[in-house]
Structure formats: C-alpha cells, structure tokens
Amino acid sequence: VRSFNFHYRMSTASTTSATSEPGAERATVSPTESDQFRHLDQTISTFVRDMPRAYRNPVETTVDPLLYMAHLLPHVAMIQLHEPHAQLHSPNDYSAMQMLAATRAIMDLIYKLCGTTYDLLYLDHGCTFGWFVAGAALIRFLRAKMDAGDEDEVARLEQELAAVKFMLKNLGDRTGIGLRQIRLLDEIYNVEVKR
C-alpha cells in the first residue's frame with residue numbers, strides 16, 4: 001500500500017514537472033482508477049471476506065492476540081490505501097466510504113475488546129498503531145462533518161475517538177507507547193478540528 005501511494009506521488013510529481021511549461025495541459029489520472037489500486041483494494045477486501053469461519057471472531061470467551069492483529073491489519077491497510085485519495089466532503093466518494101468502513105471495522109474490534117477483562121499488555125503493540133490510524137481517520141471525518149454541520153455524526157465521531165483514546169490510555173498506563181499515540185492524536189485534533 002505504501003509502495004503504491006509513494007509510486008503514485010512520484011509519478012504525479014514527475015508528470016507535473018514535465019508539463020510545467022506555460023500553456024501545457026496536465027493530464028490528471030485518478031489513482032483510484034488504476035488497475036494496481038483496484039487490485040490492492042480487492043485483495044484487502046477479499047482477505048477480510050474470505051477469512052475461514054473458525055477464525056472470524058478474535059474475541060470470544062478468550063482473546064486470541066494473533067487473530068486480533070490479523071483482523072486489525074487489513075482495515076489499517078484499507079485506510080492507508082484510501083486516505084490520500086479520499087474526498088471526505090463528498091458523500092459518494094468511494095475512497096471516503098472505504099476509509100469510513102475500515103475505521104468502523106476497527107471500532108468494532110475495539111468495542112469487542114472493551115467488553116472483556118483481557119489485559120491489553122498481551123496484545124501485540126502494533127495494535128496501538130492500528131487504533132491510532134483509526135483515531136486519525138476519525139479526526140479527519142470529524143472535521144468534514146463539522147464543516148457540513150452534521151451534529152449527530154459529529155457526536156458519534158467524538159464518542160468513537162474517545163473510545164480509541166480510552167484503549168490507548170489503558171495500555172499507556174503501563175507502557176509509554178499508548179500515551180505517545182494519544183499525544184499524537186491530540187496534536188492532529190488541534191490542527192484539524194481546533195483550527
């Protein structure tokens with residue numbers, strides 16, 4: 001995903017500099033229309049959809065930390081794939097819809113974990129990155145909904161962001177990584193929302 005987004009930025013930059021002569025028209029091709037992008041999007045979706053039935057729920061009577069991470073990572077990848085291209089103010093933008101769906105899937109995983117007494121220290125610390133990515137996406141959606149004046153959705157997004165911070169704080173009470181992620185989310189919030 002990172003390689004695709006980097007390659008796209010580099011090819012866009014080289015195309016822009018090559019056509020920067022006065023009067024030259026720029027051919028802008030959306031990356032979301034490329035075969036590579038569609039392949040990545042489809043691969044991530046297929047991985048989630050085709051997970052064997054025995055492995056579809058990482059949080060049952062016990063929490064399987066490896067399975068939890070396996071459920072979390074595809075949604076993080078989906079957010080990272082679509083985030084640079086999402087038009088959050090457009091209600092029908094495919095990337096925005098995919099990004100929101102992946103964020104809400106991560107929120108579902110968070111809520112399932114909150115319903116247990118599982119000690120978060122036993123989770124892979126990569127989970128904090130996944131929660132952070134979801135929190136950052138929520139902040140971007142929050143800004144868009146505030147601009148649109150959608151108070152109900154703003155309230156929902158703020159509650160979801162609070163749940164992300166709650167999970168990071170629970171882990172941060174015993175490790176520094178959770179507190180660092182909360183600070184980063186607060187910085188993003190201050191830049192995006194309180195501007």
Side-chain angles (χ1 to χ4, degrees), residues 1-58 66-110 112 124-145 147-148 150 153 157 160-161 164 181 184-185 188 191-192:
V1 170
R2 287 182 183 180
S3 175
F4 171 82
N5 284 330
F6 177 75
H7 176 72
Y8 175 74
R9 280 194 303 269
M10 294 307 293
S11 65
T12 301
S14 65
T15 303
T16 301
S17 64
T19 62
S20 60
E21 297 175 12
E25 290 185 29
R26 275 192 241 161
T28 56
V29 177
S30 172
T32 59
E33 296 172 5
S34 73
D35 290 337
Q36 290 173 321
F37 185 92
R38 288 184 183 141
H39 177 72
L40 283 170
D41 183 61
Q42 197 63 279
T43 300
I44 296 167
S45 297
T46 302
F47 178 83
V48 172
R49 185 183 63 242
D50 292 348
M51 193 166 282
R53 187 175 308 275
Y55 301 111
R56 289 198 179 151
N57 193 359
L66 293 176
L67 189 55
Y68 187 88
M69 193 70 176
H71 277 263
L72 185 67
L73 287 178
H75 302 300
V76 171
M78 189 67 80
I79 292 170
Q80 289 185 323
L81 178 64
H82 287 280
E83 192 269 335
H85 318 291
Q87 303 298 319
L88 301 183
H89 290 87
S90 174
N92 297 325
D93 182 66
Y94 178 73
S95 285
M97 289 188 292
Q98 289 293 92
M99 195 173 144
L100 184 60
T103 302
R104 295 266 158 82
I106 291 174
M107 293 309 302
D108 287 342
L109 288 170
I110 287 174
K112 286 178 182 178
D124 187 294
H125 290 300
C127 290
T128 62
F129 175 73
W131 300 336
F132 169 77
V133 168
L138 288 170
I139 291 169
R140 288 199 58 213
F141 280 107
L142 182 61
R143 175 76 258 168
K145 295 304 178 183
D147 291 345
D150 188 347
E153 193 63 20
L157 290 167
E160 290 172 332
L161 183 59
V164 170
Q181 303 288 16
L184 289 171
L185 283 177
I188 295 169
V191 168
E192 290 287 327

Side-chain contact test, heavy atoms from C-beta onward, threshold under 4.5 Å: evaluate it for His82 versus Phe37 and give yes or no. yes
Separation between CD (Gln87) and CE (Met97), nearest 0.5 Å, reads 12.5 Å
What pairs of residues pass the salt bridge (charged side-chain N to carboxylate O under 4.0 Å, His left out) test when at least one of them lies in residues 67-77, not counting sequence neighbours? none
Identify, with sequence neighbours excluded, every residue that meets side-chain contact (heavy atoms from CB on, under 4.5 Å) alongside Leu66. Asp64
If we only count heavy atoms from C-beta on, is the Ile106 to Ile110 side-chain gap below 4.5 Å? yes
Only counting residues at least two apart or in another chain, list the ones meeting side chain to side chain donor-acceptor pair (under 3.5 Å) with Thr103. none
For the atom pair CG (Leu81) and CG (Asp41), what is the distance rounded to the nearest 0.5 Å? 6.0 Å
Please name all residues satisfying side-chain contact (heavy atoms from CB on, under 4.5 Å) with Asn57, sequence neighbours left out, ordered by chain then number. Val59, Glu60, Lys112
If you apply the rule side chain to side chain contact (heavy atoms under 4.5 Å, CB included), what do you find for Phe141 with Leu100, and how did you get there? CA-CA 8 Å; Phe141 280 107; Leu100 184 60; 3.6 Å; yes
CD-CZ distance between Gln42 and Arg49, expressed to the nearest 0.5 angstrom: 6.0 Å
Can you give each donor-acceptor pair under 3.5 Å made by side-chain atoms of residues 124-138, sequence neighbours left out, with the distance rounded to 0.1 Å?
| unit_1 | atom_1 | unit_2 | atom_2 | d |
| --- | --- | --- | --- | --- |
| Asp124 | OD1 | Gly126 | N | 2.6 |
| Thr128 | OG1 | His125 | O | 2.7 |
| Trp131 | NE1 | Tyr68 | OH | 3.3 |

Restricting to side-chain contact (heavy atoms from CB on, under 4.5 Å), what partner residues turn up for His39, sequence neighbours left out? Thr43
Any residue meeting side-chain contact (heavy atoms from CB on, under 4.5 Å) with Pro74, in chain and number order, not counting sequence neighbours: Ile44, Phe47, Val48
With a cut-off of 6.0 Å (strictly less than), are more than 12 heavy atoms of other residues, nucleotides or ligands near CG of Asp35? no
Sort and list the pairs that fulfil salt bridge (charged side-chain N to carboxylate O under 4.0 Å, His left out) and have at least one residue in residues 82-94, not counting sequence neighbours. Glu83-Arg140
Salt bridge (charged side-chain N to carboxylate O under 4.0 Å, His left out) contacts touching residues 73-82 (sequence neighbours left out): none
Taking only residues two or more places apart in sequence, or in another chain, which ones meet His89 in a side chain to side chain donor-acceptor pair (under 3.5 Å)? Asp147
What closest approach, in Å, do Ala70 and Met51 show between heavy atoms, and which atom pair accounts for it? O-CE, 4.2 Å
Please identify each residue that fulfils salt bridge (Lys or Arg N to Asp or Glu O under 4.0 Å) with Arg104, with sequence neighbours left out. Glu153, Glu160
Taking the side chain as every heavy atom from C-beta outward, state whether Leu184 and Gln181 have any atom pair closer than 4.5 Å. yes
Which value, rounded to the nearest 0.5 Å, describes the distance between Arg56 atom CZ and His71 atom NE2? 9.0 Å
Residue pair Met69 / Pro58, side-chain heavy-atom distance below 4.5 Å: no
For Tyr55, enumerate each residue passing the ring pair (Phe, Tyr, Trp, His ring centres under 6.0 Å) test, keeping only those at least two apart in sequence or located in another chain. none
